[in-house]
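Structure first, commentary second.
Note: hydrogens, waters and symmetry copies are ignored here, and every other heavy atom, side chains too, is used.
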Amino acid sequence: TIYEDAHIFAPNLHEMGLLSHRDFMNYLDLFNTMKSQIRPPDLLIYLKAEIPTLVKHIHERGRQYEGNISLDYLKRLNEKYNKWIDTYDEGKLLVVPVDDKDLKDNPDHLGELINSIQAELHGLFKEDRR
C-alpha cells in the first residue's frame, strides 16, 4: 500500500542513507497529497510474523530478487511494520498472527482468516438479503 511505502520503506531507505533528506521530505509531501485524495481501505489486514516465518516464506516463494535480502534488512522492516501497525488509525485494522498458520496449504487456517475478515467488515452476523 502507499501507507507501507511512506511509513516503512521510504523511512528505512532514508535511515540507511540511500534516500537524501530532501528527497525523503519531498516524498512525504507527495504521500500526504496522495493520501488526501484517496479513501483509506475498508479494512487493513496485517499478517504478523516473526523473522523465522518471514525467512521461510521468502525461501518458499523462491523469487530471485528476494534471495539477496539480508537478515538485518528484514529485521529492520519487521520492526518498522510492527511500530506502524501499533499506531495505524486510518480505519479498521485486523492483525492476524501467522507464525503458526499455513494460509496457503491449510484450508482451515484460510477459512479462519476469511471468517475474521467477514466479522470485521460485516459484524458477527451477516444480514440475509434474499
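- More than 12 heavy atoms of other residues, nucleotides or ligands shown are found within 6.0 angstrom of NZ on Lys92.
- In this structure, the salt bridge (Lys or Arg N to Asp or Glu O under 4.0 Å) partners of Arg61, at least two apart in sequence or on a different chain, are Glu66.
- Side chains of Leu13 and Phe24 form no contact here, defined as non-hydrogen atoms less than 4.5 Å apart.
- Between the side chain of Asn32 and the main chain of Leu28, a donor-acceptor pair closer than 3.5 Å is present.
- Without hydrogens or angle criteria, His109 side chain to Leu103 main chain gives no donor-acceptor distance under 3.5 Å.
- With hydrogens and angles left out, the side-chain atoms of Thr53 and Glu50 include no donor and acceptor closer than 3.5 Å.
- Note that the CG atom of Asn115 and the CG atom of Asp108 stand 10.5 Å from one another [nearest 0.5 Å].
- The distance from atom CG of Asp99 to atom NZ of Lys56, rounded to the nearest 0.5 Å, is 9.5 Å.
- Leu54 approaches Ala49 most closely through the heavy-atom pair CD2-CB, 3.8 Å.
- With contacts defined as side-chain heavy-atom distances shorter than 4.5 Å, the pair Glu4/Thr1 qualifies.
- A 4.5 Å side-chain heavy-atom check between Leu77 and Ile69 finds every atom pair outside the cut-off.
- In this structure Glu15 satisfies the salt bridge (Lys or Arg N to Asp or Glu O under 4.0 Å) test together with Lys80, sequence neighbours excluded.
- A distance of 11.0 Å separates OG of Ser116 from CG of Leu121, quoted to the nearest 0.5 Å.
- Linking ILVMFWY side-chain heavy atoms closer than 4.5 Å, directly or via other members, places Leu43 and Trp84 in two distinct hydrophobic clusters.
- Between Tyr88 and Leu44, the closest side-chain pair of non-hydrogen atoms falls below 4.5 Å.
- With Lys48 as the partner, the side-chain contact (heavy atoms from CB on, under 4.5 Å) test is satisfied by one option alone out of Ile85, Val98, Asn82, Val96: Asn82.
- With contacts defined as side-chain heavy-atom distances shorter than 4.5 Å, the pair Thr87/Lys83 does not qualify.
- Note: His7 and Phe31 meet the aromatic proximity criterion, with ring centroids under 6.0 Å apart.
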Trace of the side chain to side chain contact (heavy atoms under 4.5 Å, CB included) decision for Met34 with Ile38: CA-CA 7 Å; Met34 289 172 36; Ile38 62 169; 5.8 Å; no
Criterion side chain to side chain contact (heavy atoms under 4.5 Å, CB included) on Leu94 and Tyr46, from CA distance to verdict: CA-CA 6 Å; Leu94 176 62; Tyr46 177 53; over 6 Å; no
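- Under a 4.0 Å N-O distance rule, the pair Lys104/Glu60 does not qualify as a salt bridge.
- The heavy-atom pair separating Tyr3 from Pro41 by the smallest distance is CE1-CD, 3.7 Å.
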Residue pair Asn78, Leu74: steps toward the side chain to side chain contact (heavy atoms under 4.5 Å, CB included) verdict: CA-CA 6 Å; Asn78 202 36; Leu74 193 58; 5.8 Å; no
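- Of the options Ile117, Val95, Leu93, a side-chain contact (heavy atoms from CB on, under 4.5 Å) to Ile45 is made by Ile117 and by none of the others.
- In terms of heavy atoms, Asp5 sits closest to Pro11 at O-CD, 3.9 Å.
- Between Phe9 and Tyr81, the ring planes are perpendicular. Angles over 60° get that label, and only those under 30° would be called parallel.
- Across every non-hydrogen atom of Glu90 and Lys35, the tightest pair is OE2-NZ, 3.1 Å.
- In this structure, Lys75 has no salt bridge (Lys or Arg N to Asp or Glu O under 4.0 Å) partners at least two apart in sequence or on a different chain.
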